[in-house]
Amino acid sequence: MWMSIQLNEYSAEPLYHQIEVQLRALIVSGQLSEGAMLPSIREMAQQLKCSVITIRRVYQDLEAEGLIVTRQGTGTFVAKVDPEERSRHRLEAVIEAMREAVAAGLRVQCSDDELRELFEKVLREAKANRSPPEESGHAEIGKGDEG
Amino acid sequence: MSGVGQPAVRMSDVRLERPHFQLGPLDLEVPAGFVTAIVGPNSSGKSTTFRLMLDLTKPDAGTIELLGTRIGCGKQPELLRRIGYLPEEPYRHDNAIRGVDKAEFRRNWYPGWDVNYYRELLHLFEVDPSLKLGSMSKGMRRKFDLALALAHRPDLLLLDEPSSGLDPIAWRTMIGLLHRHMESGERTILIATHIVEEVKRLADYIVFMVNGKVLGMYEKDELLTGWHQYFFPGSCEEWRGVLSGMPGLEGLEDTGGIVRAVTGSAREAEEWLAARDIRPVGRKAMDLDDILAELVEREKSGKIQRTKGVTR
């Protein structure tokens, strides 16, 4: 199973945090639906080229938040997410990505106005390129064999 | 996945003195349930460490435990049956026998030998076991020896430069098989390598070894995200004072109008820079070999006690 999780090697943000934010987003946005099986810790580590220590930490945190459940001997599955939780988490990944973008701008001494302009421009471009709204971006995930 | 409990390997105060080489004192604990990579330049003592663990070389001092059993107390077939070992060089005295005969011997020696798995390994690696071991190409011999080391599904797998002689396809196959081997979560792999990509793809922990000494053991992801380099316009003279308080600072280097600052505590350094509104013109995570070079440098200049910020 392939997960659309992208790690930024240039960030000093710990890997577990990067993965956690993105995996949480996949779950609360519904891209990973309730009951979908997640890769095993070792598989996920292999896929993202990180250590099982990092993945275990991510799974433990998300389990503590009630977003996933581990069933002994069977695997780790996406839990039922209540709507309130969903709306709370919905923007998290977006904010994270915005932070990155702003940091990139500040690194090359962009002014506040320049950044705002760029944001408007990129937004206009994105809308122009995507006339009819798509159903879902990454539908590949969550097809794990259950049962 | 267990991970807690006794380590798979425990070496305490192990020393070995040879006229041209001194190993140790080595203190090393390899956690069970993980892949630990021993990384270091040639002749840093990696292979000797493996030989000591397997009781093929006797230490002058110190104790070694594998899977909870102290070694060096006579023959220990029960323990050895739980271990898989791929030496750096193939055994030359096997050259005259055919692969099938060697496998037959191993099958009798290891109760855990899984014939189907062994067959699958040969198939995946495209090895012809009817050949004499001495007639196999370097790559095929390596693949055959790897299959032998894996086929009894050892609890502890010791791999000494496993990929030497492997082509990229076989290398990928090996990486996949080693991940599969670890899937159950209880097994342990200790791998000596100096191939960066291998460490990235496989390791959970990294042990740096230089000149017969362990420089430190690190969680891979923390190590790789912890070490960054930042670039500032100007000369070292201009920046030395400004950056002297930067967390984890390892050194400044003039690279022709641009100063390169290396830190072992990237996150803290980033916050520190931001708080002072100091903006680097560039930054980059460091690769494993760069980090190793920095650690060797630090060892040479005797700053070894300053490992804070890297270990956590």
Side-chain angles (χ1 to χ4, degrees), chain A residues 1-2 5-22 37-61 63 70-76 96 99-100 102-112 114-115 144, chain B residues 1-3 31 33-37 175-185 187 189 197-206 218-231 247-248 263 265-274 277 279-287 312:
Chain A
M1 190 200 322
W2 181 80
I5 291 177
Q6 246 140 55
L7 301 181
N8 180 359
E9 282 190 56
Y10 298 98
S11 169
E13 198 67 51
L15 282 186
Y16 86 87
H17 182 73
Q18 293 189 35
I19 298 169
E20 211 169 283
V21 166
Q22 294 183 48
M37 188 166 89
L38 295 176
S40 73
I41 290 178
R42 181 61 67 180
E43 267 175 317
M44 190 77 149
Q46 179 179 10
Q47 215 179 90
L48 299 176
K49 292 192 196 176
C50 62
S51 82
V52 293
I53 305 154
T54 296
I55 302 297
R56 183 183 301 168
R57 186 163 176 187
V58 170
Y59 279 19
Q60 274 168 358
D61 285 358
E63 184 150 17
T70 299
R71 287 190 213 118
Q72 208 59 46
T74 26
T76 304
E96 188 80 9
R99 277 206 190 105
E100 290 286 335
V102 169
L106 293 178
R107 233 173 282 139
V108 293
Q109 274 86 32
C110 278
S111 71
D112 295 10
E114 261 179 304
L115 283 175
Chain B
M1 212 165 283
S2 61
F34 295 96
V35 180
T36 300
I175 299 284
L177 284 168
L178 294 180
H179 276 292
R180 220 172 101 190
H181 180 77
M182 291 301 289
E183 187 58 48
S184 78
R187 301 190 181 121
I189 294 181
E197 195 54 26
E198 213 159 274
V199 179
K200 273 198 178 165
R201 296 259 197 135
L202 279 173
D204 301 310
Y205 289 99
I206 298 173
Y218 307 95
E219 237 184 84
K220 177 182 68 179
D221 295 343
E222 286 191 6
L223 184 81
L224 289 175
T225 43
W227 284 77
H228 275 233
Q229 45 197 344
Y230 297 88
F231 300 93
T263 172
S265 322
R267 208 164 153 62
E268 290 82 0
E270 208 123 291
E271 280 165 14
W272 187 89
L273 289 170
D277 209 21
R279 298 215 181 119
V281 288
R283 55 179 198 171
K284 221 177 140 213
M286 286 172 71
D287 248 326
R312 306 190 319 109

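Letters A, B, ... mirror the listed sequences (proteins, then strands); counts begin at 1.
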Student: Pick one of side chain, backbone, both or neither for Lys220(B), based on which atoms fall under 4.5 Å of a heavy atom in chain A.
Tutor: side chain
Student: Using side-chain heavy atoms (C-beta onward) and a distance below 4.5 Å, is Asn8(A) in contact with Glu13(A)?
Tutor: no
Student: Where on Gln229(B) is there a heavy atom nearer than 4.5 Å to chain A: the side chain, the backbone, both, or neither?
Tutor: neither
Student: Applying salt bridge (Lys or Arg N to Asp or Glu O under 4.0 Å), can you list everything that pairs with Arg107(A), at least two apart in sequence or on another chain?
Tutor: none
Student: With a 4.5 angstrom heavy-atom cut-off, is it the side chain or the backbone of His228(B) that approaches chain A, or both, or neither?
Tutor: side chain
Student: Highest number of heavy-atom pairs under 4.5 Å with chain B: which of Ala45(A), Pro14(A), Cys50(A), Ser51(A)?
Tutor: Ser51(A)
Student: If you look at every heavy atom in Val52(A) and Asp204(B), which pair is closest and at what distance?
Tutor: N-OD1, 2.9 Å
Student: Non-hydrogen atoms of chain A under 4.5 Å away: do they reach the side chain of Leu224(B), the backbone, both or neither?
Tutor: neither
Student: Okay, side chain of Arg279(B), backbone of Gln109(A): is any donor-acceptor separation there less than 3.5 Å?
Tutor: no
Student: Would you call Glu63(A)-Arg56(A) a salt bridge at under 4.0 Å N-O?
Tutor: no
